[in-house]
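Notes follow once the structure below has been shown.
When a ligand or atom number is given, it counts from 1 through the structure's own listing order.
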Amino acid sequence: MLPGDGIGPEIVAETEKVLNRINEQFDLGLQFDHGLVGGAAIDETGEPLPGKTLERAKKSDAILLGAVGGPKWDNLEMAKRPEKGLLGLRSNLELFANLRPAILYPQLASASSLKPEVVSGLDIMIVRELTGGIYFGQPRGVRTLEGGELQGFNTYVYSESEVRRIGRVAFEAARQRDGKLCSVDKANVLEVTAMWREIMDDLAKDYPDVELSHMYVDNAAMQLVRAPKQFDVIVTGNMFGDILSDEAAMLTGSIGMLPSASLNSEKQGMYEPCHGSAPDIAGQGIANPLATILSGAMMLRYSLGEEKAAGAIEAAVSRVLDQGLRTADIMSDGMQQVSTREMGDAVLAAL
Ligand SMILES: NC(=O)c1ccc[n+]([C@@H]2O[C@H](COP(=O)([O-])OP(=O)(O)OC[C@H]3O[C@@H](n4cnc5c(N)ncnc54)[C@H](O)[C@@H]3O)[C@@H](O)[C@H]2O)c1
Ligand SMILES: CC(C)[C@H](C(=O)O)[C@@H](O)C(=O)O
Ligand SMILES: [Mg+2]
């Protein structure tokens, strides 16, 4: 359990209550341990990812993370910022496959940014490459040119093996779902993503049951808000996936509803909501804990093999929404507004 910063500790506390209950109900024998990451770790140790946290994370079957970052640490140099703690966990554990399911709970149709008829039944899986691309490419930095002008630079790089392994995860996911995979790139401008497209085409030969299509990222951003149900599985690189998943979140009513799983090839995983530390609402007890609670369900499913327990959490969340309980971000007319803690308690009661 790595609560992190801002609303992180608030939403992880609710998720821990839920996981403790599930642990008892299903006799799972789970053991929880806690560690520091992000700004909280910087304040204690000077490092966003202390060695002790990384060591414990490596020994765990799964990690549940709240969120990292916040204005308190914004003036630090890049390498020292809280976000480096999160990126360090992802790269050190080789969590290359980030699954971000954007599912509209029917009860939240009126909270979606789009009209109910455009989003009803929405169920998209975004498969985001998480340990490569422009986030990790070298060289990177800011240098002073002759004459004193500053130049900032990052490198967008993917190797063939990196593209193949995320491609396989996406094709397998599509095979388990509606058999449709859309690969999102910028192959009209960037060589690295033109290569990405060719590799996806090559992989498609191994998955004749999956219908592969390609889309440029600018069009994909538009199509997601025009007609999102055309998508089943989307596969894309690190940065495009970051952006498109926040966009997709709003189709489901709120960023507070979008969970995620980040997996390595051993299915060890880190589970976290897609949103950040929400400094604007931290400490007020109003954050939506459901994305984190649903990330807990993904943890049971993908890393611990406890499908029934995962389903029980998802059913409990649905039940709570049926009861009309809403945190502020998903509030609509006629519903009952509840706090972070009340939402967690309601999920417990539903369990
Ligand atoms: N995985 C992570 O740890 C993660 C993800 C994204 C951003 N961040 C970091 O978080 C900090 C804040 O970033 P930001 O403001 O751009 O993005 P953010 O996701 O933290 O917040 C964006 C908006 O969404 C709202 N929001 C987010 N989660 C919510 C929830 N559970 N319930 C209700 N409302 C919620 C916030 O109040 C805010 O208005 C930055 O330091 C950023 O780097 C961390
Ligand atoms: C905090 C940041 C490093 C992170 C990312 O960009 O991957 C976040 O936005 C996310 O979506 O998990
Ligand atoms: Mg993001």
Side-chain angles (χ1 to χ4, degrees), residues 2-15 36-42 48-49 63-76 78-91 95-100 102 108 111 113 126-136 154 236-250 252-262 270-295 317 326-331 337-344:
L2 303 176
D5 310 318
I7 60 169
E10 301 169 41
I11 53 183
V12 167
E14 298 315 309
T15 307
L36 289 170
V37 71
I42 293 173
L49 179 57
I63 301 149
L64 187 88
L65 186 134
V68 297
K72 183 175 176 194
W73 304 279
D74 279 353
N75 56 351
L76 295 178
M78 239 1 142
K80 286 280 180 197
R81 285 182 56 140
E83 289 82 354
K84 282 286 168 186
L86 177 60
L87 296 171
L89 279 167
R90 290 174 180 170
S91 60
L95 304 169
F96 69 93
N98 185 210
L99 310 181
R100 297 190 158 188
L108 295 184
S113 293
I126 297 181
V127 178
R128 169 190 177 195
E129 200 292 326
L130 200 62
T131 51
I134 198 164
Y135 273 50
F136 292 94
N154 289 87
T236 192
N238 206 339
M239 187 159 70
F240 297 159
D242 178 43
I243 299 165
L244 294 180
S245 55
D246 264 36
E247 189 187 0
M250 279 321 294
T252 73
S254 167
I255 184 100
M257 292 302 299
L258 212 77
S260 83
S262 307
M270 181 156 76
Y271 297 84
E272 48 170 328
C274 293
H275 61 72
S277 56
D280 54 338
I281 58 166
Q284 297 175 29
I286 59 169
N288 186 346
L290 293 180
T292 318
I293 290 173
L294 291 169
S295 300
V317 167
R326 304 282 187 271
T327 43
D329 56 313
I330 49 174
M331 184 61 190
Q337 192 164 323
V338 295
S339 67
T340 308
R341 186 171 303 158
E342 287 165 339
M343 185 57 103

>> For atom 12 (O) of ligand 2, which of the options Arg128, Glu83, Arg90 provides the nearest non-hydrogen atom?
In response: Arg90

>> I'd like the name of whichever of Pro71, Pro279, Gly276 reaches closest to atom 12 (C) of ligand 1 through any heavy atom.
In response: Pro279

>> Would Ala291 count as a contact residue for ligand 1, given that I'm defining contact as a non-hydrogen atom of the residue lying under 4.0 Å from a ligand atom?
In response: no

> Which bit of Asp280 is near ligand 1, meaning a heavy atom under 4.0 Å away: side chain, backbone, both or neither?
Replying inline: side chain

>> Any non-hydrogen side-chain atom of Arg128 less than 4.5 Å from a side-chain atom of Leu244?
In response: no

> Considering only the protein, which heavy-atom contact is closest to atom 25 (C) of ligand 1, and what is its distance?
Replying inline: Ile255 CG2, 4.2 Å

>> So, regarding Arg81 and ligand 1 (criterion: nitrogen or oxygen to nitrogen or oxygen, under 3.5 Å), is there a contact or not?
In response: no

>> With a 4.5 Å cut-off on side-chain heavy atoms, are Met343 and Glu14 touching?
In response: no

> Heavy atoms of the protein only: does one fall short of 4.0 Å from atom 23 (C) of ligand 1?
Replying inline: no

>> Within this structure, what is the CZ-CD distance for the pair Arg326 and Glu342, rounded to the nearest 0.5 Å?
In response: 14.5 Å

> Any nitrogen or oxygen of Asn288, main chain or side chain, under 3.5 Å from a nitrogen or oxygen of ligand 1?
Replying inline: yes

>> Closer than 4.0 Å to some heavy atom of Gly69 - which atoms of ligand 1 meet that?
In response: 41 (O)

> Does at least one non-hydrogen atom of Arg100 fall below 4.0 angstrom from an atom of ligand 2?
Replying inline: yes

> Which one holds for Thr292 and ligand 1: side chain close, backbone close, both close, or neither close, with close meaning a heavy atom under 4.0 Å?
Replying inline: neither

> Where do His275 and Asn288 land on the side-chain contact (heavy atoms from CB on, under 4.5 Å) test, with the steps shown first?
Replying inline: CA-CA 10 Å; His275 61 72; Asn288 186 346; over 6 Å; no

>> Closer than 4.0 Å to some heavy atom of Ala67 - which atoms of ligand 1 meet that?
In response: 3 (O)

> For Ile286, is at least one N or O under 3.5 Å away from an N or O on ligand 1?
Replying inline: no

>> Please work out, at 4.0 Å between heavy atoms, whether the side chain, the backbone, both, or neither of His275 comes within that distance of ligand 1.
In response: both

> Would Asp242 count as a contact for the Mg ion (ligand 3), in the sense that one of its N, O or S atoms lies under 2.8 Å from it?
Replying inline: yes

>> Main chain of Val127, side chain of Asn98: is a donor-acceptor contact present, judged purely on distance under 3.5 Å?
In response: no

> With only distance considered, is Asn238 within less than 3.5 Å of ligand 2 through an N or O on each side?
Replying inline: no

> Between CG of Leu95 and CZ of Arg90, what distance do you get to the nearest 0.5 Å?
Replying inline: 8.5 Å

> Just heavy atoms, cut-off under 4.0 Å: does Ile281 contact ligand 1 by side chain, backbone, both, or neither?
Replying inline: side chain

>> Nearest 0.5 angstrom please: Asn238 CG to Thr131 OG1, how far?
In response: 7.5 Å

>> Can you report which non-hydrogen protein atom sits closest to atom 44 (C) of ligand 1, along with the distance?
In response: Val68 O, 3.1 Å

> Relative to atom 1 (N) of ligand 1, which among Met250, Met343, Glu272 owns the nearest non-hydrogen atom?
Replying inline: Glu272

> Can you list the atoms of ligand 1 that are under 4.0 Å from a heavy atom of Ala287?
Replying inline: 32 (N)

> So, does Glu10 use its side chain to make a donor-acceptor pair with the main chain of Gly283 at under 3.5 Å?
Replying inline: yes

>> If you define the side chain from C-beta out and look only at heavy atoms, does anything of Val68 sit under 4.5 Å from Pro48?
In response: no

>> Give me the residue, atom name and distance of the protein heavy atom closest to atom 8 (C) of ligand 2.
In response: Asp242 OD1, 4.0 Å

> Who's the nearest protein heavy-atom neighbour of atom 42 (C) of ligand 1, and how far?
Replying inline: Glu83 OE2, 3.4 Å

>> If I apply the N/O under 3.5 Å rule, does Ala278 come out as touching ligand 1?
In response: yes

> Is there at least one protein heavy-atom neighbour under 4.0 Å from atom 14 (P) of ligand 1?
Replying inline: no

> Does Ser254 reach ligand 1 with a nitrogen or oxygen that is under 3.5 Å from one of the ligand's nitrogen or oxygen atoms?
Replying inline: no

> Tell me, which protein residue and heavy-atom name are nearest atom 11 (C) of ligand 1, and how many Å apart are they?
Replying inline: Ser277 OG, 3.2 Å

>> I'd like to check which ligand 2 atoms, numbered from 1 as shown, lie under 4.0 Å from a non-hydrogen atom of Tyr135.
In response: 5 (C), 6 (O), 7 (O)

> Can you find a non-hydrogen atom of Cys274 under 4.0 Å from ligand 2?
Replying inline: yes

> Do ligand 1 and Gly70 have nitrogen or oxygen atoms that lie under 3.5 Å from each other?
Replying inline: yes

>> Could you go through Leu108 and Thr252, starting from their C-alpha distance and side-chain angles, then the distance that decides it, and tell me whether this counts as side-chain contact (heavy atoms from CB on, under 4.5 Å)?
In response: CA-CA 7 Å; Leu108 295 184; Thr252 73; over 6 Å; no

> Does Leu86 approach ligand 1 within less than 4.0 angstrom via side chain, backbone, both or neither, non-hydrogen atoms only?
Replying inline: side chain

> Once you round to the nearest 0.5 Å, how far does CG of Asn154 lie from CD1 of Ile134?
Replying inline: 5.0 Å

